**Student:** 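Before anything else, here's the structure in question.
For clarity, every value in this text was computed on a predicted model and none was experimentally measured. Residue numbers begin at 1 in each chain, while the letters A, B, ... track the order of the sequences.
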Protein chains: 2
Amino acid sequence: MKAQPLTYTSISMQHRPISVLIVDDHPMVVEGLKTLLSDNHTLMVKTHFTNGKDTLDFLEKEIVDVILLDVNLPDINGVEMVKLILDKRATIKILGLSTYSEPSIINQMIKNGVKGYLLKNATSDELVNAITQVDQGNFYFGSEVQKILADSVSQESKDSPKLTRRETHILRLIADGKTTNTIAEELFISPLTVETHRRNLMQKMEVSNAASLIKIAVEKKLI
Amino acid sequence: MKAQPLTYTSISMQHRPISVLIVDDHPMVVEGLKTLLSDNHTLMVKTHFTNGKDTLDFLEKEIVDVILLDVNLPDINGVEMVKLILDKRATIKILGLSTYSEPSIINQMIKNGVKGYLLKNATSDELVNAITQVDQGNFYFGSEVQKILADSVSQESKDSPKLTRRETHILRLIADGKTTNTIAEELFISPLTVETHRRNLMQKMEVSNAASLIKIAVEKKLI
DNA sequence: TTCAATATACTGGAAAACCAGTAGAAAAAA
DNA sequence: TTTTTTCTACTGGTTTTCCAGTATATTGAA
């Protein structure tokens with residue numbers, strides 16, 4: 001926000017447009033966002049960046065109300081970006097933006113403090129609404145995103161019986177095709193211990209052989 | 001094409017702008033494309049559609065020079081769309097458009113007849129260049145896409161020792177966590193036969209246990 | 001500090017997978 | 001048709017996994 005004259009008009013909400021920063025490495029998306037937002041004079045796209053570093057540099061000197069943040073930047077990943085931005089400027093409202101919707105990433109982003117999340121197939125109305133909502137301190141998650149999150153929560157609590165760190169590690173090694181003895185050697189523990197972990201893993205995952213174990217591990221992206 | 005004198009053809013080209021159709025379900029991408037292309041008066045974006053069906057209906061009555069086709073449409077998948085479009089209008093040049101780049105899909109699209117492929121992080125210049133090239137009957141694949149394709153080719157010929165149909169089937173069953181005996185019962189063959197297949201599979205895949213076998217199968221998307 | 005969870009380790013026995021070689025029948029390719 | 005590939009099946013033996021208990025040391029939370 002540049003120094004605006006302190007007149008009574010600039011105090012009222014309508015005359016103080018929400019400043020928006022776009023961070024996305026896809027020119028066509030950036031242009032699209034600009035075009036979609038240009039109609040609306042309650043919003044003002046300040047500028048845009050195509051990578052994380054430039055964005056952070058910019059935020060050293062300037063501030064904006066809302067950042068539209070693409071999750072897949074070329075240099076810094078979205079989850080990390082949220083943290084870095086909020087470390088600098090805790091009051092900025094970040095709106096995550098992504099084509100696809102991976103629950104785990106969305107969840108991490110929320111944990112790190114995004115105020116909303118939009119899929120790139122959002123309409124112009126949704127977009128403007130989302131920005132307005134988060135600017136006012138509310139959360140905005142589109143119905144699609146909410147559904148995805150709900151699904152992931154129910155799925156997680158259902159088939160993810162919380163593996164311990166050691167178990168996760170051993171699962172990874174099993175999936176690498178290593179035998180019980182190899183794993184034991186590698187971890188400096190008894191093969192019998194590895195056996196026990198394997199057994200506990202299978203019990204937790206509710207399967208009866210290593211094959212299923214690996215398949216599930218892959219599905220759950222534990223590997 | 002570079003530095004050509006103003007001949008009759010180059011003048012006539014200018015008076016017949018390339019008509020472009022955009023097919024993408026992301027409003028912000030559509031707007032971005034329109035904006036990026038609006039500067040260039042050798043191109044003319046005729047209209048846009050957000051799904052496959054509407055596009056095909058439109059092509060019943062009208063024709064365009066180039067279609068910018070998003071691979072991930074909500075109703076019909078990109079690979080199929082290429083075929084359907086070319087069945088109707090064989091002369092249309094299709095330019096595939098996608099955020100991510102899965103070699104198998106790009107390959108299939110090419111097989112079905114796309115004239116080029118662009119990633120969504122393409123710049124305005126690349127975009128215009130790609131459209132111009134394919135309109136002239138040339139192919140256009142960005143350097144990134146070419147690299148992806150080259151990688152996938154070398155990878156495929158390296159670690160894909162052509163499984164037979166039966167082997168693929170049995171691999172799938174093994175990955176489902178089924179035991180040799182179960183598989184044998186299911187396929188009405190001897191467990192010994194299943195053993196043999198399993199052995200051949202492991203030999204072909206150059207691994208020494210079922211775990212690695214499954215991991216490879218997953219990686220190769222055989223499952 | 002106490003208690004619960006986790007990681008460690010063992011016994012012993014059953015089941016399944018793994019290895020190597022051979023070979024006939026059926027199907028596909030030449 | 002002939003040849004090759006694929007699918008089928010077997011013998012015999014080794015290794016690994018799987019299952020059901022038990023048990024102790026360590027770690028982290030209450």
**Student:** Restricting to non-hydrogen atoms, name the atom on A:Y140 and the atom on A:A130 that form the minimum distance, rounded to 0.1 Å.
**Tutor:**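 Minimum heavy-atom contact is CD2-CB, 3.4 Å.
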**Student:** Between A:S190 and B:K178, who's closer to the 5' end of DNA chain C by nearest nucleotide?
**Tutor:** A:S190
**Student:** Of the candidate nucleotides D:dT17, D:dC7, C:dA17, which contains the atom at the shortest distance from the side chain of B:E167?
**Tutor:**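 Ranking D:dT17, D:dC7, C:dA17 by closest atom to the B:E167 side chain puts D:dC7 first.
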**Student:** Measure from CG on A:N200 to C1' on C:dT8 and round the result to the nearest Å.
**Tutor:**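 It works out to 11 Å between those atoms.
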**Student:** Would you say the base of C:dA20 and the side-chain of B:R199 have a donor-acceptor pair closer than 3.5 Å?
**Tutor:** yes
**Student:** Nearest heavy-atom pair of A:K120 and B:P27: which atoms, and what distance?
**Tutor:** O-CD, 3.9 Å
**Student:** Starting at CZ of B:R165 and ending at C1' of C:dA29, how long is that distance when rounded to a whole Å?
**Tutor:** 14 Å
**Student:** Under 4.0 Å between any heavy atoms, over every strand shown, what does B:L192 touch: base, sugar-phosphate, or nothing? Just pick one.
**Tutor:**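 Contact class for B:L192: base.
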**Student:** Grab the two heavy atoms, one from B:V79 and one from B:N112, that are nearest each other, plus how far apart they are.
**Tutor:** O-ND2, 2.8 Å
**Student:** Is a side-chain donor or acceptor of A:S19 paired with a backbone partner of A:M44 at a separation under 3.5 angstrom?
**Tutor:**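 Flag not set: sc A:S19 to bb A:M44 has no pair under 3.5 Å.
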**Student:** Between A:H197 (NE2) and D:dC19 (C1'), how many Å, whole number?
**Tutor:**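 A:H197 atom NE2 is separated from D:dC19 atom C1' by 17 Å.
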**Student:** Could you check how far CG of B:N181 sits from P of D:dA9, rounded to whole Å?
**Tutor:**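 Atom-to-atom, B:N181 to D:dA9, this comes out as 13 Å.
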**Student:** Quickly work out the A:L171 CG to C:dA7 P distance and round it to whole Å.
**Tutor:** 13 Å
**Student:** Let me know the distance between NE2 of A:H169 and P of C:dT6, rounded to the nearest Å.
**Tutor:** 18 Å
**Student:** Which atoms form the tightest heavy-atom contact between A:E62 and A:K46, and what is the distance?
**Tutor:**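 The pair with the smallest heavy-atom distance is OE1-NZ, 3.7 Å.
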**Student:** If you look at every strand shown and take non-hydrogen atoms under 4.0 Å, does A:T196 touch a base, only sugar-phosphate, or nothing?
**Tutor:** base
**Student:** What is the distance from CD of A:Q203 to P of D:dC19, rounded to the nearest Å?
**Tutor:** 9 Å
**Student:** Atom CD of B:E185 and atom C1' of D:dT8: how far apart are they, to the nearest Å?
**Tutor:**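 Taking CD of B:E185 and C1' of D:dT8, I get 18 Å after rounding.
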**Student:** A:T193 near the nucleic acid: base, sugar-phosphate alone, or nothing, with a heavy-atom cut-off under 4.0 Å?
**Tutor:**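 Since a base atom lies under 4.0 Å of A:T193, the category is base.
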**Student:** Taking for each residue the nucleotide of DNA chain D bearing the nearest heavy atom, is the 5' side occupied by B:N209 or by B:R166?
**Tutor:**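 That would be B:R166.
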**Student:** Measuring to OP1 and OP2 of D:dT16, would you say a side-chain N or O of A:T180 lies under 4.0 angstrom away?
**Tutor:** no
